[in-house]
Amino acid sequence: MGNTKERIMTAGAELFRRNGYTGTGLKQIVAEANAPFGSLYHFFPGGKEQLGEEVIRTSGMAYIALLDELIAPAPDLVTGLETFFSAAAEMLVETGYADACPIATVALEVASTNEQLRIATADVFTAWIEAGTRGIAAFGLSEADARKLTFAVVNALEGAFVLCRAMRDTEPMAAASDSCVAYAKTLIPA
């Protein structure tokens with residue numbers, strides 16, 4: 001199950017993704033982590049805000065791996081994008097629409113109220129855009145076109161997560177996929 005700090009971070013990530021930052025209490029996190037309450041402040045002397053920042057940065061970087069796992073090995077960009085969006089839809093269904101993007105959930109809550117967490121979410125999104133641009137450019141797109149497509153993919157994915165969770169339906173994810181695939185096809189060199 002990992003050490004106490006890892007358990008607290010895993011529980012925090014899970015609860016922030018499902019309930020949001022403000023909707024998750026410290027007692028809830030340590031209970032989920034099966035950890036003594038005092039251990040939270042031992043590992044995160046800055047309390048919930050420090051835990052939140054570390055969870056955002058750690059889980060955000062883990063999501064970059066999805067590009068390497070789902071898009072990079074695809075035989076072509078279109079197949080990679082379809083696989084990426086399909087995996088997101090499957091995850092939503094498998095978790096009863098509870099698991100979506102942990103970064104967007106927190107970013108929406110804190111962008112105007114907590115500068116430390118806003119910066120952490122912005123840093124993660126920036127890293128996603130940079131990694132996505134590199135990964136998509138590897139399929140033969142110019143860096144500028146790859147960056148535009150990466151923004152479109154992240155925008156579509158995040159919006160689809162919101163709609164899918166609210167509607168309890170993957171149709172918005174399928175529409176996001178179709179839109180991004182259609183856009184990608186306009187950018188793919190002939």
Side-chain angles (χ1 to χ4, degrees), residues 1-72 84-85 87-92 94-136 147 150-151 153-162 164-166 173:
M1 174 104 186
N3 69 34
T4 303
K5 183 177 181 178
E6 289 172 356
R7 290 195 322 268
I8 291 170
M9 288 199 49
T10 299
E14 177 81 14
L15 291 167
F16 293 155
R17 180 174 55 241
R18 290 178 182 236
N19 304 329
Y21 178 77
T22 57
T24 300
L26 293 178
K27 288 181 182 177
Q28 191 179 11
I29 293 169
V30 294
E32 184 77 18
N34 195 26
F37 191 80
S39 64
L40 190 136
Y41 286 100
H42 171 74
F43 294 111
F44 306 97
K48 185 177 178 183
E49 189 171 70
Q50 181 183 357
L51 171 63
E53 181 178 4
E54 288 191 37
V55 164
I56 289 164
R57 292 184 185 284
T58 302
S59 61
M61 293 303 108
Y63 273 66
I64 288 178
L66 293 176
L67 294 170
D68 293 332
E69 293 172 20
L70 300 172
I71 296 178
F84 183 76
F85 281 98
E90 288 173 23
M91 185 214 30
L92 284 167
E94 288 171 6
T95 63
Y97 296 90
D99 287 351
C101 176
I103 310 310
T105 302
V106 175
L108 287 170
E109 288 182 282
V110 302
S112 299
T113 59
N114 186 312
E115 187 65 5
Q116 181 178 342
L117 297 181
R118 184 205 62 78
I119 291 169
T121 59
D123 289 348
V124 169
F125 284 132
T126 298
W128 289 0
I129 298 304
E130 291 169 358
T133 299
R134 285 189 304 275
I136 289 173
R147 185 172 173 84
T150 301
F151 272 115
V153 167
V154 172
N155 291 341
L157 180 69
E158 297 300 353
F161 274 140
V162 170
C164 289
R165 287 182 80 184
M173 193 64 72

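All residue numbers in this chain count up from 1 along the given sequence.
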When rounded to the nearest 0.5 angstrom, what distance separates CE in M61 from CG in D123? 8.0 Å
Shortest non-hydrogen contact between E158 and W128, atoms and distance: OE2-CZ3, 3.4 Å
In terms of side-chain geometry, is the basic nitrogen of E14 or R17 positioned less than 4.0 Å from the acidic oxygen of its partner? yes
Should M9 and F43 count as side-chain neighbours, where that means a heavy-atom distance under 4.5 Å? no
What's the shortest heavy-atom distance between L117 and G52, and which atoms? CD2-C, 3.8 Å
At their closest point, which heavy atom of Y41 faces which heavy atom of G47, and how far apart are they? CE2-CA, 3.6 Å
Are the side chains of R7 and I29 in contact, using a 4.5 Å heavy-atom criterion? no
Quick one, M173 and L157 - any side-chain contact, counting heavy atoms below 4.5 Å? yes
NZ/NE/NH1/NH2 to OD/OE distance under 4.0 Å, R18 and E32: no
Quick check against the 3.5 Å criterion: does Q28 have a side-chain atom that pairs as donor or acceptor with the backbone of G25? yes
Rounded to the nearest 0.5 angstrom, the CG-CG distance for L26 and L51 is 7.5 Å
Does the side chain to side chain contact (heavy atoms under 4.5 Å, CB included) test come out yes or no for E90 and F85, once each step is laid out? CA-CA 9 Å; E90 288 173 23; F85 281 98; over 6 Å; no
Taking the side chain from K48 and the backbone from T24, do they hold a donor-acceptor pair closer than 3.5 Å? yes
Just verifying a value: how many Å separate F161 CZ and T105 OG1, rounded to the nearest 0.5 Å? 9.0 Å
Taking the side chain from E109 and the backbone from Y21, do they hold a donor-acceptor pair closer than 3.5 Å? yes
When you compare the side chain of F151 with that of V154, does any pair of heavy atoms fall below 4.5 Å? no
Sub-4.5 Å side-chain heavy-atom contact between F16 and V55: yes
Of all the heavy-atom pairs spanning T150 and T133, show the shortest one and how long it is. OG1-N, 3.2 Å
Do any N or O atoms from the side chain of S39 and from the backbone of P36 form a donor-acceptor pair under 3.5 angstrom? yes
Between CZ on residue R134 and CZ on residue R147, distance to nearest 0.5 Å: 11.0 Å
